[in-house]
Each structure stands twice: as structure tokens, then as C-alpha cells.
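Atoms considered below: every heavy atom in the structure, side chains included; atoms not considered: hydrogens, waters and symmetry mates. Below, chain A is the first sequence line, B the second, and so on; all start at residue 1.
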There are 2 protein chains.
Amino acid sequence: MRAASIKDVANHAGVAVGTVSNVLNYPDRVAPQTRERVLSSISDLGFVRNDAARQLRAGRSRTIGLIVLDIGNPFFSSLSRAAEDAAATGGRAVVLGNSGHDAQRESHYLDLFEEQQVQGVLISPVANVSERLRALTARGTKVVLVDSRADDGGFSSVSVDDVQGGHLATRHLLELGRRKIAFIAGPQSLRQVRDRLEGARQAVGEFPDATLEVLDAAEMSVLAGRTVGDLLVERGLAELPDGVFCANDLLALGLMQSLTMLHTLRIPEDVALVGYDDIDFAASAIVPLTSIRQPAALIGQTAIELLLEQLESEATVPRSVVFKPELVVRGSTSGK
Amino acid sequence: MRAASIKDVANHAGVAVGTVSNVLNYPDRVAPQTRERVLSSISDLGFVRNDAARQLRAGRSRTIGLIVLDIGNPFFSSLSRAAEDAAATGGRAVVLGNSGHDAQRESHYLDLFEEQQVQGVLISPVANVSERLRALTARGTKVVLVDSRADDGGFSSVSVDDVQGGHLATRHLLELGRRKIAFIAGPQSLRQVRDRLEGARQAVGEFPDATLEVLDAAEMSVLAGRTVGDLLVERGLAELPDGVFCANDLLALGLMQSLTMLHTLRIPEDVALVGYDDIDFAASAIVPLTSIRQPAALIGQTAIELLLEQLESEATVPRSVVFKPELVVRGSTSGK
DNA sequence: TCGTAATAATGAATCGTTTCAAAAGAAGGA
DNA sequence: TCCTTCTTTTGAAACGATTCATTATTACGA
């Protein structure tokens, strides 16, 4: 029992295959009664268009590939949702790939998307993939970097000024009078992490009596944050930083868990804490978390718009959009 | 500048197209030196297999479609990640569709996946789609229900016993001495919500002096929880329930925000609170949240396994796997 | 040297659409 | 009736990879 093809429909309706195709793609070209006859044959036979054949003939699919660092991170899930919606209004579908900070999986998704001849790729890269992306564009696939910037302006990109974000967060701690600052870093291979650190460095540099310590976390998750927290507490109270800036909210939440629950430190009295991303859960944390807000949905939507722009008008120069981050003050630094 | 095809590679290497195809699919059938020559032509020309052509010929793609209710919900993102991993080991890729509780988007993704001739569909349905799914299977696409059960055993499924989960949560509240129980429901069109409520009803029925009140939330999000919380507080303290069970953790976190921050109620003293899903953030809430744990990753992995099972051996009967939920007690009910 | 068997390479046919030049049909005017 | 114009329908060609029956090549023993 083979699926019905356009030829079966044509036979059933007593017309030529070209007519069936026209009914599907240019209904106005077909006389109303013929059209009706074909449509009822389609539903009689349960005909479903074969996208592979369509794509083969058209030379391109109607989908856009999106590769994110971590779909479990609310920042990215919100971004993806907005991208999907924006693409849908442009008549395209988004297929989502989750690299999970794994370069191999990232590369695997790039392969897959290229074989599927997606119209374009939105990617928030793990590894240095500029070579691969360049090859992709050379073969006609449009690329937009998301939450990342092209060093050489070779690609369109949508990002947030993470240096400024790091600066905002750290200056906030310093203005509260904190001087022993710690930055909890995720993998420094990530540009986001490096930029946020750079911003923190700049801010600390503006206060001569302040110090900055950098602590590495294995990944940017709640669990990793907890691990760093446990490590920190082992030092004893005197050795603790009094202001901590985490590379993202997940780390901050984990740290908070460790400090307040396992060890009975007070936030913000003993340690003031700032996260990054302002995910929904930041506001409902044990101590509501001060954070840096990034417009996740806006980023996703804008990225699709840049891509569509490139698709519509053939030769457009790459554009980079940079959004400004925003400090959201809550209990973890304000002491109510 | 057209992308290189298998024919271009054949010309460049001075062999027939069939030989190139063999190099790609059955390398052993080709003499080593020929193979090398072809491979170097492939990299010279930057040849990338055209998946559409491959699929057209093969009659099926190598992808599996996954439609989830809400990718922003950590339960589903964790489920998806596990499904992707499991599929990758089986040589398949997962494409993710997020219905966002929207029947139209769900239907749209079903269309898309069917046109793409995915090997199978994993779906956590919003609307009643059994008719559509039946049609899908009739045309040869395998279907596995996720976090949902087929009423009539027509499909394989992986789920958690939500009635039991609702019972566990509610009995816990009752055993703490609470008697005015409220259930914060999400959309009752969802089987999950109905089942959890049913479990709550059963538990309340076992305590003759207990009452159950059902409050509806527009959606299962933090925001909706906050709205219900505000509504609840307007009644005044005497009218409040003393035990609240929420249809999921997001609702519970929103409720918690509203009760503790805007209105100064104490959890668990004034109101004991239980959520559902045990997402990562439950443990790091203002008051760590008691919840019902569902093995999200295991569900995703098992769903893929059931699907692969159906794909390998043609005529297998549908199987249903039901996992048991687990009560995780934290501060929101235990009073430290 | 010849014959046989094993190994390697070939290339036409196929999958299901879309496209488009050409043919057929309809309508109207002279 | 014939010609023109406009609308509708036709069906072969093309997209690019895979398959498989056929042909070519090689190796080896007699």
C-alpha cells in the first residue's frame, strides 16, 4: 500500500499531472469545476504532497535551521519560540537543533541542515565554526549569528553587548560598597563569558581598592553553580567575596542554593549576588535574583528578520544588530 | 554557481555516477584507489549530498518529528534532549516542533512532518488528534504518544501515572493536617490536568472532613500562577485554602511569588504548596517547592526506543509504558 | 594459452514534483 | 464560416541520488 502520488490523483480525477500541480500551486489557473474535481480526488485518496520531490525540483527547502547552545536554558527557549513565530509569518518552518555546548553535536547539525538544503541557518556557536559557515554561505545558504558577533563582519548577527552587561552588573556591586568581587565564569571558550568578564574587569578597574577573582564552572547549569558554591564556602567566611557576579542565572541560582541552604550564609548581607539573562525563574528564587536582562524574544525575531531580508533581496551586505542589556535589581543585592 | 552534484563528482573523478554513490554508501564495493580518487574529488568540489534526492529515492527521510506542548517548560526541554540523544545513537535526527499549547500550530507541525515523510512522530498532544494520527499511521508513519496515553490502545505511548501523582500530592497535604484543599488547574482540555485533578479528588474523598476547590488558570505558566495568586489573596485570610496543589511547577512558582512577595503570606504556615514536574528550579525557589517528580529524560529516551522498535520490526503491537511519579518533599510543605 | 570465477565499474531507470512550451478548446467578431 | 484572442489543459523534461542488471577487468589454475 503505497502513498498516493500526484499521478494517482490525476488518474482518479481524469486530468493530467500538470493540472493537479496547478491546483496545488496556482489554483486560479484552473477552471473552478476542474479544481473541485481534483480537490475531491485529493481528499478521497488522502494525498499528501511529497516534500522531498518538491524540494528536489525547487532546489531548496522551505525550512530554516536554528542551532542553540542549550534549549534547557529559558533564554534560548524563549528565543526559539520567537524565531519560530517570526518564521511562520514568513511562510517558513524552523527546525531546531540543540548543540548542548557540544562541538560535535553542533557540527552534526550543520551537516544535517546542509544536506537538507535549509534556506538559512541561525546559530549560536559553541566552537569556532567561521570556516564552516563561510563554506555554507559560499554554497548559497544564508547564515545569521545569534547571541554572537562575527569578528570580521562576514555574517549578519544579532547580539547583546555583553561587555556592557558585565560592566553594569559589576558596577552595581561596587556601588553597593562591595570590594571583593568574584566572577563565576562558564567555559571561557564562549565569547559571551569572555565579554562579561571583560566588562567586569573594566568596572573593577574604575575602583582602585576593589579586587576581582575569577572562578571557573564546568558548565553553565544550576548544578555547576552549586558545586562552585560548595567550594567557595569551604574557605570560611573571612575568605569569601562580598559581591559575586555569575555568568548566567542558572549558575547564580545554583550558587544561591548552596550558600543559603547547605551553608547558612545570608544573601545579600554576607554575599551580594548578580546573575545574567533574567530568566523567568530569577524573580521566584529563594532570594529574588538581581540580573541582567537580555531581550531573548526580540533577538530571535530580529534574527529571522535579518535572514528573510537576505533571502528576499539577493545581494545585501551583512548587518549586525546589537541590543543593550538592562540591570534588574532585586533582593539578592538590594537587601530589600 | 550551482552546488556540485554527484554527476559533477563523477566527471571530475573520471568514473560513473553509480561508483560515486557506492563510495558514499558501500565503500567496500569500490577498489581502494578509485575510492581515494572519488573522495578527493568530493572534497575538491565541496560536494554535499542532496538529502531531498536521497529521500525521494528512498521513500522515507531519516528524521523523527517531536511535537511538545511547551519547550519553555524544563520538563519538556529535558525530555527533548534525551530524545535527541537516543535518536542520534540510532542514526536518526530529531526535528523539534513547539506547539505552545496551540492546536493550530500543532496541526501545522503535523502537516509539515507528514510532507517531510519523517519516519515517525513523537507527540504530546494539545487537541484531540487521534483521527489525524490514525491517518498518519495508515500511511506508514509510526506514532508514539508522549506524556499521554491512547484511550483505545491504538498507539504506543510513554506516560506517567498522573492520577497517582495527583493522589500523592494531595494525600501529602492531607496528612499534614490540611483540610481546605485547592487545585490550581491548567486548561482542562489536557489529559494531564484532568488526571491530576482526578487523583486529587480520590485523595480528598478518603478524608471525610476535607474539601476540594478547583481554580482555573488560563495557561500553565509562572505568570498565570501569579494571576491566580492575586485573585486568591483578595478573598482575605479566612477564606484561603490551607493546602494548594498546582497542576505544574510553573503555576506553583507564580503562586508563590504572588503569596509571599506581594501579599505577605507564609508558606507553608499559612498555605502549604505542592507543584508538579520537579523541574530544576523547584529546589531553588523562594521557598523550596515540594513537587511530584517525573522522569523526563527517561520518558524521552523510552519514547524513541519504542519508535525504533516499531521501525525495525514491521508488525509490532503498540506498547504502553507507564512510569510511576514520586513525591519530593521540600520547604513549601515541610515547614523546614 | 585459455577458461572460469571473482571483483569492479557502468549507466539507464526510478522516485514525485514542478515547469513550461505547445496543443486544445471556447468565445467573440467579421 | 473563418480568424483571432484568451483561457485551460496537456505531458515531457528536469531535479539528484540510488539501485541493479549488465559489462569489463583481473587473477589464477589447468
* Asked: Donor-acceptor pair, B:Thr137 side chain versus B:Leu133 backbone, under 3.5 Å?
  -> yes
* To do: With heavy atoms under 4.0 Å as the rule, sort B:Val20 into base, sugar-phosphate or nothing.
  => nothing
* According to a strict under-4.0 Å criterion, is B:Arg57 in side-chain N/O contact with OP1 or OP2 of C:dT14? -> no
* Phosphate OP1/OP2 of D:dT18: any B:Asn25 side-chain N/O under 4.0 Å -> yes
* Gap between atom CG of A:Leu110 and atom OG of A:Ser107 - 0.5 Å precision -> 6.5 Å
* Structure fact -> From CG of A:Leu56 across to P of C:dT17 the rounded distance in Å is 12 Å
* State which of C:dA8, C:dT17, D:dT8 makes the closest approach to the side chain of B:Thr34. => C:dA8
* OP1 or OP2 of C:dG16 sitting under 4.0 Å from any side-chain N/O of A:Ser5? -> no
* Check: B:Ser156 side chain, B:Arg319 main-chain N or O, donor-acceptor pair, under 3.5 Å -> yes
* State which of C:dT10, C:dT17, D:dA17 makes the closest approach to the side chain of A:Phe47. => C:dT17
* Asked: Do the side-chain N or O atoms of A:Tyr26 get closer than 4.0 angstrom to the phosphate oxygens (OP1, OP2) of C:dT18?
  -> no
* B:Ile6 CD1 to C:dA12 P: how many Å, rounded? -> 15 Å
* Listed nucleotide nearest any side-chain atom of B:Leu24, set D:dT18, C:dG16, D:dG16 -> D:dT18
* Just by distance, do the side chain of B:Arg29 and the backbone of B:Val23 share a donor-acceptor pair under 3.5 Å? -> no
* To do: Considering just the side-chain nitrogens and oxygens of B:Arg54, establish if one lies under 4.0 Å of OP1 or OP2 belonging to C:dC15.
  => no
* Any side-chain N or O of B:Thr19 under 4.0 Å from OP1/OP2 of C:dT10? -> yes
* To do: Would you check if B:Asp102 and B:Val126 make a side-chain contact, meaning some heavy-atom pair closer than 4.5 Å?
  => no
* Closest nucleotide of DNA chain C for B:Val30 versus for B:Ala53: which of these residues is on the 5' side? -> B:Val30
* To do: To the nearest Å, give me how far apart CG (A:Asn22) and C1' (D:dG11) are.
  => 12 Å
